[in-house]
Amino acid sequence: MTLEESIDWAGASRALAEWYRENGRHLPWRLTADPYAVWVSETMLQQTQVSRVVPLYLAWLSAFPNCRSLAEADESAVLSLWRGLGYYSRARNMLASARLIVSAGYDGPPNDQAFLAGLPGFGPYTAAAVRALAYDEPTAALDGNLRRVSSRLTDLDKDPALSEGNKVCQRAVESLMKFQSPRLLTNALMDLGSGPCAPRPRCLLCPLEPYCLARKRGTTALRPVRRAARPIRRRFGAALLFSTQTKLAVRQRPKGGLWSEFWEIPWEVGSDGEDSGVTARRLAASLGEESFPEPLTPSVTMRFTSWQVETKLFRAASQPTGTELLPVDDALSLPMPLGILRLLREALQSGLIR
DNA sequence: CATCCGTGGTT
DNA sequence: TAACCAAGGAT
C-alpha cells in the first residue's frame, strides 16, 4: 500500500482545519498576508522561538513598514533592530534581498519560485513559506515542526531532514493541501508541531490522532528519526577591558566567520583546557601589553550550537594595539556580540568603568 | 552531507 | 543541570 493510500488525507485535512479554527495561536504576523511581512516573520523565526520574535517583529515592521523602506535603510540600523536574535547574516541578507526585490520592480517578494530562490536568505523553507502563507500556493514549507508532524503521521523511519525522508514529508503535506487552504494548513501544522505534536507529544490533544500511523503502531517516541548529536565543546576565554574617564577601547572583528564585522573589546578563546588567565596574558602580550592583565569579577558564558565559552574579564594597563577609544555610550550602541555586551554591562554596574 | 552561524528557553 | 530545542541558510 502506498503512502497516499494508507492515510485518509481528506479526513485528516478536515480535522486539522477544524482544530486550527478553534485552537490556532493568535500571532501578529497572522493578521496580514502581506508578502513582505510574511518574509520578515519567517526569516526572524528561523531557529528562533516565537516568544522572542514577537516584540522584535513589531519593532521591525514599525521601523521598516514595507520593502522599499527596508531597501533604503543603512546596515547599522538593520543590525540594531536585529540585536538579540542572533544569526546576523539573516538581517544582512534581508537588506540585500530587499534591494534586489525593489530593483526588479516588485514591492515585496513575488510569487515566483525561480526569482525567490535567487535571493540571499531564501532557502527552500523561506521561499515555500512565503508562497504558501502569502499567496496560498499548495507548497510544502518544511520546517522542524512540519517534519516532526509528517514523520509521525506517516511513521517515517528515516531522518526527515535528509533527501529521502524530506520527499516523504513533502508528499504528505501536499496530500493534505489537496483538501484545504495551504495557508491555513501550514499555520495549523506549525501550531500542531508546537503543541500536541511537540517533541514531547500529547497525542490525546491531537486532532490527527485517529489518522496517525506512528500512534497506531506505538512508535511516536521514535519519530522523528535523527542522528546522534555531537558533544558540546567547552572552552575558557578572556576579554580585555581598557577604559579612560569616559572612553572604552574597542575593535572591529574581521569580515567573515563569527560576528562578522561586529565590534568587541579584545576577546580570545583559549585552546582546549587552557585557563582564562593564560589566554588573557597571551592576548594582552600580542596587543603590546607589557604587564599581566588584572583579573576582574565579571564573567559570562556564551553558548553556541555546538560549543560554549566561559569568558572572564581582565583589565589591561594600557590601550591594546588595534583598538580605538570611543565614548562608552557610543561603543555600547555598536553592533556587538551580546555576551560581550553583558560583560560590559556588568562592569558598568560594578563601577569598573568610569 | 557536515559544519558553521547566536541566543535564550525548556526539561 | 547539562542536554536539547527553536518557523534554516550558506558553503
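Since this is a predicted model, take the numbers as computed values, not measurements. Protein chains get the first letters and strands the later ones, always in sequence-line order, with residue 1 at the start of each.
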[X] side chain near [N] phosphate (N/O to OP1/OP2, under 4.0 Å):
X	N	result
Gln49(A)	dG9(B)	no
Trp259(A)	dT7(B)	yes
Tyr87(A)	dC4(B)	no
Arg226(A)	dC5(C)	yes
Arg147(A)	dC5(C)	no
Arg230(A)	dC4(B)	yes

Nucleotide [N], atom [atom2] - distance to [atom1] of [X] in whole Å:
X	N	atom1	atom2	value
Asn166(A)	dG8(C)	CG	C1'	12 Å
Trp82(A)	dG8(C)	CH2	P	12 Å
Arg52(A)	dA6(C)	CZ	P	17 Å
Leu341(A)	dG8(B)	CG	P	10 Å
Leu119(A)	dG9(C)	CG	C1'	13 Å
Met94(A)	dG9(C)	CE	P	13 Å
Ile232(A)	dT1(C)	CD1	P	17 Å

Whole-angstrom distance between [N] and [M], as gauged at atom [atom1]:
N	M	atom1	result
dG6(B)	dA3(C)	P	23 Å
dC5(B)	dA6(C)	C1'	15 Å
dA2(B)	dA7(C)	C1'	22 Å
dT3(B)	dC4(C)	P	16 Å

**Prompt:** More 5' along DNA chain B: Phe304(A) or Ala161(A), using each one's nearest nucleotide?
**Reply:** Ala161(A)
**Asked** On DNA chain B, nearest-nucleotide positions of Gln47(A) versus Ser51(A): which is more 5'?
**Response**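 In this pair, the answer is Gln47(A).
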In terms of side-chain heavy atoms of [X], which of [options] is nearest?
X	options	value
Pro120(A)	dC5(B), dA10(C), dA3(C)	dA10(C)
Asp143(A)	dA7(C), dA2(B), dT7(B)	dA7(C)
Tyr88(A)	dG6(B), dG8(B), dA7(C)	dG6(B)
Gln46(A)	dA7(C), dA2(B), dG8(C)	dG8(C)

Select base, sugar-phosphate, or nothing to describe what [X] touches, counting heavy atoms under 4.0 Å on all strands.
X	result
Thr305(A)	base
Arg227(A)	base
Leu85(A)	base
Gly257(A)	sugar-phosphate
Ser89(A)	nothing
Arg25(A)	base
Arg342(A)	sugar-phosphate
Leu27(A)	base
Val50(A)	base
Trp39(A)	nothing

**Asked** With a 4.0 Å cut-off, would you call Asp155(A) and Arg223(A) a salt bridge?
**Response** yes
**Item:** Electrostatic pair Arg235(A)-Glu310(A), nearest N-O below 4.0 angstrom
**Value:**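 Salt bridge between Arg235(A) and Glu310(A), a charged N being under 4.0 Å from a carboxylate O: no.
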For [N], does the base pair up with any side-chain atom of [X] as donor and acceptor (N or O, under 3.5 Å, distance only)?
X	N	answer
Arg303(A)	dG9(B)	yes
Tyr125(A)	dG8(C)	no
Thr48(A)	dG6(B)	yes

How about [X] and [Y]: are their ring centroids closer than 6.0 Å?
X	Y	result
Trp39(A)	Phe122(A)	yes
Trp307(A)	Phe304(A)	yes
Trp29(A)	Tyr57(A)	yes
Tyr106(A)	Phe115(A)	yes
Phe64(A)	Tyr36(A)	no

**Fill in**
Result for 5'-nearest mapping on DNA chain C, choosing between Asn145(A) and Arg234(A), is Arg234(A)
**Message:** Whether Arg281(A) engages the ring of Phe292(A) as a cation-pi pair (distance to the six-membered ring centre under 6.0 angstrom, angle to the ring normal within 45°) should be assessed.
**Reply:**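 The answer is yes; both the distance and angle limits are met.
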